[in-house]
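Chain A is the first sequence line, chain B the second, and so forth, proteins listed ahead of strands; every chain is numbered from 1.
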2 protein chains.
Amino acid sequence: MASIKDVAAEAGVSVATVSRVLNSHPSVSPDAQRRVLAAVDVLGYRPNAVARSLRTDQTRTLGLVISDVLNPYFTELARFVEEEARALGYSVIIGNADEQPDLQEHHVRTLLDRRIDGLLVSPADGSSPLTPGAAGSGTPMVFVDRCIQGVDVPVVRADGRDAIRDLVAHLHRLGHRRLAIIAGPAATTTGNERVEAFREALREHGLALPDAYIGQGDFQTDSGRRATERFLALPEPPEVVFAADNLMALGALDAIRARGLRVPQDIGLAAFDDIPWFLHTDPPITAIAQPTGELGRAAVRALVDLIEGRSPQSVTLPARLVVRSSCGERASNPRSNL
Amino acid sequence: MASIKDVAAEAGVSVATVSRVLNSHPSVSPDAQRRVLAAVDVLGYRPNAVARSLRTDQTRTLGLVISDVLNPYFTELARFVEEEARALGYSVIIGNADEQPDLQEHHVRTLLDRRIDGLLVSPADGSSPLTPGAAGSGTPMVFVDRCIQGVDVPVVRADGRDAIRDLVAHLHRLGHRRLAIIAGPAATTTGNERVEAFREALREHGLALPDAYIGQGDFQTDSGRRATERFLALPEPPEVVFAADNLMALGALDAIRARGLRVPQDIGLAAFDDIPWFLHTDPPITAIAQPTGELGRAAVRALVDLIEGRSPQSVTLPARLVVRSSCGERASNPRSNL
DNA sequence: ATCGTCGCTGTAATCGATTCCACGGCTCTG
DNA sequence: CAGAGCCGTGGAATCGATTACAGCGACGAT
């Protein structure tokens, strides 16, 4: 592949001049510029980003470490992140942690080795040592969706508290009293927060959240299935199951079907995270929607602010309840929540 | 961030020795090795992958350009690709083309600029000039899922012909005669092939595929919706709609619902690409499943073969029909297709 | 005693870019 | 007309690694 030297030779100028033309530096004569551009064209030259990065100490690349690419919520987030980053002139390298702390470590390390300009992380596990360490390594970093307590890094996330309160009110209005939750891993902030918000909302209605109604999940389909099976085996099973993410809701649906039960007649189901498929499940699933696009864009903007020396603030956006029919009542206007 | 020089100084050796230790070169004294390792530890040194890549002319990175990350099929493919690549010591950078040729160009160019060691592409559009050009650029390349005719590059893909024949036979057995297809873009091989296989399978049953029963889609949800609306407005609408990918099937389901029709009583629906959600839609959707994991792994192995100087062959794996109930008959044993 | 060999180490070139500095030639000014 | 200033340009240092080559002791063989 042609290098800057080849271009310089072809154009009859020095590499310095070629570099200046390529970086649109002002002091280049029109003639030299023309010759360089022609040489670039002839040779099909493309600057070597690796060499450039080494010299300039910037890669114009952002790292994004997400907990699980197969989760449509994160896929969507990743898409928006890439879009916004591209608009700002950055590329994005995605690392998929698959909810495994050591995989998360691996990706953070790899990305840091590549000298990415900034890191966007949705930590799978707060207790892993490297990720906080990365914060201290001087690489700009922003948490998205989830965070690690006690690490001083801007966080961009959605607050589901109000939406969960709305959900519980909705369920209470429908006459449901025995409400269960499938929680995420205790190591994640989103795992804890959603349980706490749920518990608090229940308390406002004079309801308790017994331990038996808290299923321990890990944000993966299987754990939703297992937790639901345990609920259904209880002497007094819950009337509604609320899954803390969409994959566990899918697992819950599996488990309910396998028992030969129907939603919502026999048991209600609601989920955190709304995805297009929830409209088409049997029945359509009531869910809490996060403003994924805004989240992704805000996260990139915060990170780029950090990289370019401005100081960003943390961002918290509201989530909202989308009522469908999986808890016992079809939304009054079925088209309204499409 | 500490560089190799700092480590050399700290350990009291030259940079050459440090490099040798880091690359486990044989001729280093145990003493020097110990001192270097200690220095690495003290400084928290990590080799700069950018500098290393510049010198060695290899990045140990693969590029993967896919047509649409939001399509669960591609997401899954990407996951398996990353997994296999990691096992072989490579990282993966994903570029999402969003079915737009110019975005695809952008990503291919960016990846090439980064001097990735190899490129895995699922071309959104065969007519774009850069991607074939990239093949000539000396960067190893493999097509996955889709290919560009006339470009001499190994292809790893699934052949849906037999599965489509099975599907048509299944539909015929159920008494359906008016079968329509929502095709993918004509510029993609998968777009054409599926229509041709469908047409051929129909012919075997003495059925025709009138133009009115071929909807032009672009593998996106909306196009599935629009094509289906057109089908339903026909004086004699089809009895079954076969969508050439899962997103268009989703759109078709939307359109059918919006008309107040029921699946499968009023109209049947089948899709190419099977995804977990199809089990939980109303009704569960009959689909053609690709061996995504095998596809992703085979693609990476072929690419790495190419990179490391072995000569890989193209791979074609069979897809298979998964019968559910969206075409009029519940599978005999509902658990058998989970 | 001398020479070759072997093991270990350091010096320096190199990868492909960016950028500081100096220099030659020109114009402008006093 | 001399000196200052500016413009365009090239030479060379630099980023952080890898690696060819040479040097240097120690040791064994002759």
Side-chain angles (χ1 to χ4, degrees), chain A residues 1-37 39-40 43-61 109-117 137-139, chain B residues 1-37 39-40 43-61 109-117 137-139:
Chain A
M1 201 163 290
S3 84
I4 195 171
K5 265 187 220 155
D6 303 316
V7 176
E10 172 78 19
V13 296
S14 73
V15 294
T17 300
V18 176
S19 176
R20 277 188 277 255
V21 171
L22 264 39
N23 295 287
S24 39
H25 200 83
S27 58
V28 176
S29 69
D31 181 57
Q33 163 142 341
R34 198 164 18 76
R35 297 219 307 283
V36 169
L37 259 21
V40 165
L43 299 173
Y45 168 76
R46 298 246 77 214
N48 184 327
V50 174
R52 188 196 296 247
S53 292
L54 175 61
R55 183 58 233 247
T56 59
D57 202 35
Q58 52 162 327
T59 49
R60 293 209 73 82
T61 301
R109 195 190 313 270
T110 307
L111 291 168
L112 254 24
D113 285 355
R114 283 167 182 273
R115 302 304 195 258
I116 47 156
D117 293 342
S137 79
T139 303
Chain B
M1 201 162 289
S3 84
I4 196 171
K5 267 188 219 155
D6 303 317
V7 176
E10 172 79 17
V13 296
S14 73
V15 294
T17 300
V18 176
S19 176
R20 278 189 276 256
V21 171
L22 264 38
N23 296 285
S24 39
H25 200 82
S27 56
V28 176
S29 70
D31 181 58
Q33 163 142 339
R34 201 169 12 78
R35 296 219 308 283
V36 168
L37 259 21
V40 164
L43 299 173
Y45 167 78
R46 298 247 78 213
N48 183 328
V50 174
R52 189 196 295 247
S53 293
L54 176 61
R55 183 60 235 246
T56 60
D57 200 35
Q58 53 163 322
T59 49
R60 294 209 73 82
T61 301
R109 196 190 310 271
T110 307
L111 290 168
L112 254 25
D113 286 354
R114 283 165 182 276
R115 302 304 195 260
I116 48 157
D117 293 342
S137 80
T139 303

Donor-acceptor list for residues 27-34 of chain A side chains, cut-off 3.5 Å, not counting sequence neighbours:
from: A:Ser29; atom 1: OG; to: A:Ala32; atom 2: N; distance (Å): 3.1
from: A:Asp31; atom 1: OD1; to: A:Arg34; atom 2: NH2; distance (Å): 2.7
from: A:Asp31; atom 1: OD2; to: A:Arg35; atom 2: NH1; distance (Å): 2.6

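- Of the side-chain N and O atoms in B:Ser27, none sit less than 4.0 angstrom from OP1 or OP2 of C:dC8.
- B:Ser29 comes within 4.0 angstrom of sugar-phosphate atoms only, judged by non-hydrogen atoms across all strands, and of no base.
- Considering only residues two or more places apart in sequence or on other chains, B:Arg60 meets the salt bridge (charged side-chain N to carboxylate O under 4.0 Å, His left out) condition with none of them.
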Using a 4.0 Å heavy-atom cut-off, write out nucleotides 15-28 of chain D from 5' to 3' as B (base contacted by protein), S (sugar-phosphate only) or - (no contact). BBBBB---------
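- Rounded to an integer number of Å, the gap from A:Arg35 CZ to D:dG8 C1' is 12 Å.
- Annotation for B:Thr59 and B:Arg115: closest pair OG1-O, 2.9 Å, computed over non-hydrogen atoms.
- Contact between B:Val50 and A:Ser53 at its shortest, heavy atoms only, is CG1-CB, 3.9 Å.
- When only modelled atom types and interatomic distance are considered, A:Thr61 and B:Arg114 share a side-chain donor-acceptor pair under 3.5 Å.
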